[in-house]
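All values reported here derive from a predicted model rather than from experimental measurement. Both counts, for ligands and for their atoms, begin at 1 and track the order of listing.
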Amino acid sequence: MSAVHGKTIVVGVTGGIAAYKAVELCRRLVDSGAHVVPVMTESAERFIGRTTLSALSSEPVQTSLWDEASPIPHTKLGQRADLIIVAPATAHLIAAYAGGLSTDLLTNTLLATRGPVIVCPAMHTEMWEHLSVQDNLAVLRRRGVVIVEPDEGRLAGGDVGKGRLASPERIVAAAERVLGPADFVGVRVVVTAGGTREPIDAVRVIANRSSGKQGYAIAAEAASRGALVTLISTVELPTPADVELVAVETAAEMSAAVMAAAGSADVVVMAAAVADFRPAHAVDNKIKKDAGAFDLTLESTADILAGLGQRKTAGQTLVGFAAETDDLVANAEAKMRRKKLDLVVANDVSAAGVGFQHDTNAVCLLRPDTAMVTISLTDKRSVARAVLDAIAEIRLAKS
Ligand code: CTP
């Protein structure tokens, strides 16, 4: 379950060209189980219609302090909210909020809440960089307001620079971080994802069926709980918010990247499907088919996880995966012991909807001297949540 599930979230929309993106934000929050109450300023209505925003939220849009059906909404909305998100936030809204002005329903709601607030600015680069805007943001940050900084890219009118409203994914991730458990704040987590590709010649590789989705879900979940995440990946999925990406291709590249990051890591999760064998002699040019046939000699790659197990420090938590088709638990337990792991995430990849390429997974979580936990078929983010819960328990026991 997402951290926004069951929470009442007021989404304040101000008058900027990015107001249309608030519609997608509301839809995503509702899809994740939040109760979304949209509030629009008068100028926001110049950019998007009430009907669209109402249709994709949980309640009709509210715009006025003077709504006859509800005579005191200015305090009620703020008091009810578990979280307020302002997206997009104009320079005008940021100034009013920093200055404590209550001129309309949104600014009243912001002043009436004791809950957390996320402000997502969107404006032209010159305005974003203006000292008055930056000073106002500094005031808000000091008061504990979370600022989701704008992205760089094409702005209205064709200019390019910093000022585009952050993507709905980044804003939802910030909401999950604010509302979710913060049990990984400052914890350094390294996650690997995807299948490695080992070159045969200039165009051909030996690959495997791993999509990387489970590793990405673990990286996203860890970041949303406050971890400092390095994701070492062979695939091109969208990088989760607040995650540092290291792109690699072969087992040797992955090994080098993991070893470089693991020294200072508190947790390493090897979700990648690392090749066990690679061509002993990769050919630089393309092998032509008129060769008829050729022999391919394979050699073993280094076992990254076993290497990490050898040099594991007392405080470090090591997590491996075991994708099996037979004797799931026995094979996974053997890997756990052989590689000195604290946790093994084992899945039977021959079962329907499980593991490689699917959006769903069903796993067993095995730990030395602790009863096995079974997670039946669910989405990969939910599996990631269970994996992070287990890691949190292991870290607590080590401390
Ligand atoms: N792994 C690794 N380096 C390798 C091979 C595997 O770090 N060269 C890691 C995987 O990322 C996974 C775990 O080891 O977390 C188990 O991988 P798996 O392929 O299931 O097991 P193997 O140890 O390779 O054993 P087998 O192929 O015999 O099942």
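- Rounding to the nearest 0.5 Å places CD1 of I94 at 11.5 Å from OH of Y97.
- Of all atoms in ligand 1, listed by their number and element, those nearer than 4.0 Å to a heavy atom of A275 are 8 (N).
- When hydrogens are left out, the protein atom nearest atom 17 (O) of ligand 1 is F321 O, 3.7 Å; that is the closest non-hydrogen contact.
- Every atom of ligand 1 with a heavy atom of G320 under 4.0 Å away is listed here by number and element: 15 (O).
- In this structure, the protein non-hydrogen atom closest to atom 2 (C) of ligand 1 is D303 OD1, 3.4 Å.
- Those atoms of ligand 1 that come under 4.0 Å of a heavy atom in A272, given as number and element, are 10 (C), 11 (O).
- In terms of polar-atom proximity, A273 is not counted as a contact of ligand 1, lacking any N or O under 3.5 Å from an N or O of the ligand.
- Closest to atom 20 (O) of ligand 1 by heavy atom, among M270, M336, R338, K335, is K335.
- Other residues, nucleotides and ligands contribute more than 12 heavy atoms inside 6.0 Å of the CD atom of Q357.
- For G307, the heavy-atom gap to ligand 1 stays at 4.0 angstrom or more.
- Considering backbone and side-chain N/O of A302, one or more are found under 3.5 Å from N/O of ligand 1.
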### Task
Determine, step by step, whether R381 and S224 satisfy the side chain to side chain contact (heavy atoms under 4.5 Å, CB included) criterion, reporting the C-alpha distance in whole Å, the side-chain angles of both residues, the deciding distance to 0.1 Å, and the verdict.
CA-CA 11 Å; R381 183 65 184 251; S224 86; 3.4 Å; yes
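- When only non-hydrogen protein atoms are considered, atom 6 (C) of ligand 1 lies nearest to K339 NZ, 3.9 Å.
- Ligand-side atoms of ligand 1 in range of T301: 8 (N), range being under 4.0 angstrom from any heavy atom.
- Here the heavy atom of the protein found nearest to atom 7 (O) of ligand 1 is L305 N, 2.8 Å.
- Think of F47 as one node in a network of Ile, Leu, Val, Met, Phe, Trp and Tyr side chains linked at under 4.5 Å; its network also takes in I17.
- In terms of polar-atom proximity, defined here as any N/O pair under 3.5 Å, E324 makes no such contact with ligand 1.
- Side-chain contact between L228 and V187: absent, with no pair of heavy atoms (C-beta onward) separated by less than 4.5 Å.
- The shortest contact between atom 3 (N) of ligand 1 and any protein heavy atom is with I304 N, 3.0 Å.
- When hydrogens are left out, the protein atom nearest atom 19 (O) of ligand 1 is D276 OD2, 4.3 Å; that is the closest non-hydrogen contact.
- Judged purely by distance below 3.5 Å, without hydrogens or angles, the side chains of N347 and E324 never pair a donor atom with an acceptor atom.
- Remark: the H281 side chain and the E299 side chain contain no N/O donor-acceptor pair separated by less than 3.5 Å.
- Within a 4.0 Å radius of atom 23 (O) of ligand 1, the protein contributes at least one heavy atom.
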### Message
Between I171 and L165, is the side chain to side chain contact (heavy atoms under 4.5 Å, CB included) condition met? List the steps.
### Response
CA-CA 9 Å; I171 302 173; L165 180 68; 4.3 Å; yes
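- Residues D348 and S350 bring a donor and an acceptor atom of their side chains to less than 3.5 Å of each other.
- Listed by atom number, the atoms of ligand 1 under 4.0 Å from A323 heavy atoms are 20 (O).
- T109 is not listed as a side-chain neighbour of T113, based on a closest heavy-atom distance of 4.5 Å or more.
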### Task
Given side chain to side chain contact (heavy atoms under 4.5 Å, CB included), test L365 with V344 step by step and report yes or no.
CA-CA 6 Å; L365 303 182; V344 174; over 6 Å; no
